[in-house]
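As structure tokens, the structure follows; a few thoughts come after it.
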Amino acid sequence: MQVFLMNKDIQVMKLEFEVNKNLFNKVIQIKNIEYSPLSIYKTYQNNKDVLTEVNKWFKGRNIPIWRDDLFYLLKRLDIKTADELLMKSYALSLSDQYWIKPCKSKLKYKDVNFFENDFGYSDFLDITFSKSNIKRKINLMTPNNTTDGRLKKTWVIENGKRILIKGGYKDNPNAPLNEYLASMICMYLGIKHVKYELDVINKKLVSKCEDFIDKDTELITAHSILKDDLTGNYKDIYEKYIKILESNGISDARDNLEDMVLLDYLIMNVDRHLNNLGIIRDVNTLRWLRVAPIFDSGEAMNIDMLDDNTMVINENGRLFNEVVHFDKFLELIRKTRKYDFERLEKVVDEFEEILKKYQSISKMNNQDIYNLCYLLYLRIQKAKDILFLVNT
């Protein structure tokens with residue numbers, strides 16, 4: 001089957017798609033390569049194998065095989081593999097405007113995109129966050145076919161807004177609480193962020209956030225920006241990333257990266273990888289607009305208790321291409337006076353209130369709540385002390 005890789009209604013390239021294998025087997029014609037996903041464009045510029053990169057990009061839109069309870073999700077959808085889901089919805093996403101269009105089709109982007117068109121989500125939501133089996137046929141024309149990450153998640157529509165609902169991990173069911181905490185800290189420090197709220201679905205705690213991409217913008221991850229250029233240690237990559245952003249017109253790149261680094265230090269986020277930070281680009285003009293607001297901070301605040309008085313914490317976190325001690329994070333911050341740590345004093349008390357509010361759902365005991373809040377207090381004080389010394 002011949003198809004176009006589309007960016008909105010711009011034909012990027014013409015391809016041969018092998019339906020049985022769910023992959024592309026030939027690039028027939030390059031048309032408007034500058035409108036392709038950045039990773040594909042850079043591959044083309046470097047005279048490398050475009051077909052392989054297109055397939056890698058396409059597979060990367062898929063629900064990953066490590067998604068929690070993926071087997072049960074696919075069984076309830078009556079689908080054998082997640083690969084089959086992509087073309088059910090033209091590989092459309094709520095993170096960008098790329099899609100796969102059969103060459104014989106007369107469809108326009110306005111007819112199919114999920115930013116402007118409603119989509120069914122109640123069945124997908126139910127089978128994602130419950131063990132129920134739905135007998136009726138489920139509508140698979142949905143952006144839920146292209147969600148990334150290990151967490152269970154579902155796009156829904158609330159008051160006309162596209163809302164992402166995420167659960168916790170099997171080994172860390174309290175990830176939604178960490179998302180909420182990160183959102184609180186960012187609010188008090190004036191850091192650009194995605195606002196997360198909490199809810200309960202089928203007796204499970206979930207986080208909810210509004211899509212920060214619209215029909216005219218796309219998220220480009222640091223992974224795509226740094227593609228084939230990941231030599232050096234984390235400091236080298238950090239500086240390289242900032243220079244790339246600044247050279248593309250994002251003058252406040254360093255300030256925004258420093259904000260992210262401080263947040264990850266405070267909540268001990270162990271998983272700031274290259275796919276959960278990036279920039280926002282205008283898909284019509286291809287102009288880089290700004291650093292993406294901070295999102296996906298749930299893998300944090302992990303502690304173990306040897307006894308009631310001894311906390312064991314993981315003091316290492318991922319930063320770009322390395323796992324380093326959290327104290328190393330703060331070495332990247334130059335403009336320390338912009339942070340008002342006094343405002344963060346409210347966060348500890350408010351976080352305790354939230355933990356107690358959802359205690360029956362999270363199953364935390366009082367000691368667990370005390371430990372988390374005390375740990376948060378210590379992180380704030382330590383960051384304040386270290387950054388004060390750096391600045392004197």
Heavy-atom count around [X] [atom1] within 6.0 Å, excluding the residue itself: above 12?
X: His223; atom1: NE2; value: no
X: Asp78; atom1: CG; value: no
X: Tyr377; atom1: OH; value: no
X: Tyr241; atom1: OH; value: yes
X: Lys240; atom1: NZ; value: yes

Do the rings of Trp99 and Tyr90 sit parallel, tilted or perpendicular, given the 30° and 60° boundaries?
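Geometry flag for Tyr90 against Trp99: perpendicular rings.
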Which class fits the ring pair Tyr370 and Tyr374: parallel under 30°, tilted 30 to 60°, perpendicular over 60°?
parallel
Between [X] and [Y], does at least one N-O distance fall below 4.0 Å, as a salt bridge requires?
X: Glu352; Y: Lys356; result: yes
X: Arg334; Y: Glu258; result: no
X: Lys42; Y: Glu53; result: no
X: Lys152; Y: Asp69; result: yes
X: Asp111; Y: Lys106; result: no
X: Asp148; Y: Arg61; result: no
X: Glu350; Y: Lys357; result: no
X: Lys208; Y: Asp199; result: yes
X: Arg272; Y: Glu299; result: no
X: Lys195; Y: Glu179; result: no
X: Lys192; Y: Asp252; result: yes
X: Arg318; Y: Asp264; result: no

Quick one: do Val194 and Glu210 satisfy side-chain contact (heavy atoms from CB on, under 4.5 Å)? Show the steps, please.
CA-CA 8 Å; Val194 174; Glu210 185 177 347; over 6 Å; no
Please confirm whether the backbone N or O of [Y] pairs with a side-chain atom of [X], one donor and one acceptor, at under 3.5 Å?
X: Glu16; Y: Lys26; value: no
X: Thr217; Y: Ile213; value: no
X: Asp96; Y: Tyr98; value: yes
X: Asn32; Y: Tyr35; value: no
X: Arg254; Y: Lys243; value: no
X: Arg162; Y: Phe114; value: yes
X: Asp211; Y: Ile163; value: no

Do [X] and [Y] have a side chain donor and acceptor closer than 3.5 Å?
X: Thr128; Y: Arg76; answer: no
X: Ser362; Y: Asn174; answer: no
X: Asp259; Y: Tyr339; answer: yes
X: Asn366; Y: Gln359; answer: yes
X: Thr52; Y: Asn55; answer: no
X: Asp385; Y: Gln381; answer: no
X: Gln97; Y: Lys8; answer: no

Could you go step by step and tell me if Thr154 and Asn144 meet the side-chain hydrogen bond (donor to acceptor under 3.5 Å, both in side chains) rule?
CA-CA 6 Å; Thr154 307; Asn144 290 306; 4.7 Å; no
Tell me whether the guanidinium CZ or amine NZ of Arg379 lies under 6.0 angstrom from the six-membered ring centre of Phe326 and within 45° of its axis.
yes
How close do [X] and [Y] get, counting heavy atoms only, and between which atoms?
X: Tyr238; Y: Val261; value: CE1-CG2, 4.0 Å
X: Ala383; Y: Leu262; value: CB-CD1, 4.3 Å
X: Ile244; Y: Ile225; value: CG2-CG2, 3.7 Å

Tell me if the aromatic rings of Tyr196 and Tyr180 count as close, with their centers under 6.0 Å from one another.
no
Before we go on, tell me: are the rings of Phe24 and Phe17 under 6.0 Å apart, centre to centre?
yes
